[in-house]
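Beneath this line is the structure, given in structure tokens, with notes to follow.
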Amino acid sequence: MKRFIPIISITFGGCFFGTFQTAEPVKQGEMDAGLYLNFSSDPRAKTTTYGGGFLGFGVTDNLSLGLGAGGTGIGPYAKWTAYRHPNYYLYFSLVPRIYLDIFSSPTTAFPQMDLIFGARANRFFSWYVFYQVLYSQREM
């Protein structure tokens, strides 16, 4: 891993975007990893604090495969860069994943899809906009 990027997430409500990844792909043969801790002040939430992380490897310059874990379960993911601008560091990526909810009985599987659009402004700063679709049968 050639870079270390500390990330501080501030959310005002709604769902938590827990991939901690930009739309920029992981290059072939490189590794991407991260850990996070989420705090919630929503009184309706059954769990107010949980952690997680991910570990991914670049298979090609447009595809990385990995394993993620968090408050929703554990499971594999793929990040596919569907669009890369030829002159700028501008990307659009799709991140499908399947979570196994090992924290409830019986263990269930549910899908998630992240759509990420973003760009790298310089070596230390990048921005992204995302849309996350998550299906779960249990209340989180």
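Just so you know, these numbers come straight off a predicted model, no measurement behind them.
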| query | Is there a chain of hydrophobic side chains (I, L, V, M, F, W, Y, each step under 4.5 Å between heavy atoms) that links Y91 to M113? | reply |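 In one cluster: no.
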
Rounded to the nearest 0.5 Å, what separates atom [atom1] in [X] from atom [atom2] in [Y]?
| X | Y | atom1 | atom2 | answer |
| --- | --- | --- | --- | --- |
| F54 | R97 | CZ | CZ | 9.0 Å |
| R120 | L90 | CZ | CG | 12.5 Å |
| T81 | L63 | OG1 | CG | 8.5 Å |
| R84 | Y89 | CZ | OH | 10.0 Å |
| F92 | L115 | CZ | CG | 5.0 Å |
| L55 | L67 | CG | CG | 7.5 Å |

So which heavy atom on [X] is nearest to which on [Y], and how close?
| X | Y | result |
| --- | --- | --- |
| Q28 | D61 | N-OD1, 3.1 Å |
| G58 | S64 | CA-CB, 4.0 Å |
| Y128 | I116 | CB-CG2, 4.0 Å |
| S93 | A23 | OG-O, 2.6 Å |

| Check: Q132 main-chain N/O paired with D114 side-chain donor or acceptor under 3.5 Å |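 A pair under 3.5 Å: no.
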
| task | Could you pull out all residues at least two apart from F117 that satisfy ring pair (Phe, Tyr, Trp, His ring centres under 6.0 Å)? | result |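 Checked F117 against ring pair (Phe, Tyr, Trp, His ring centres under 6.0 Å); matches are W127.
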
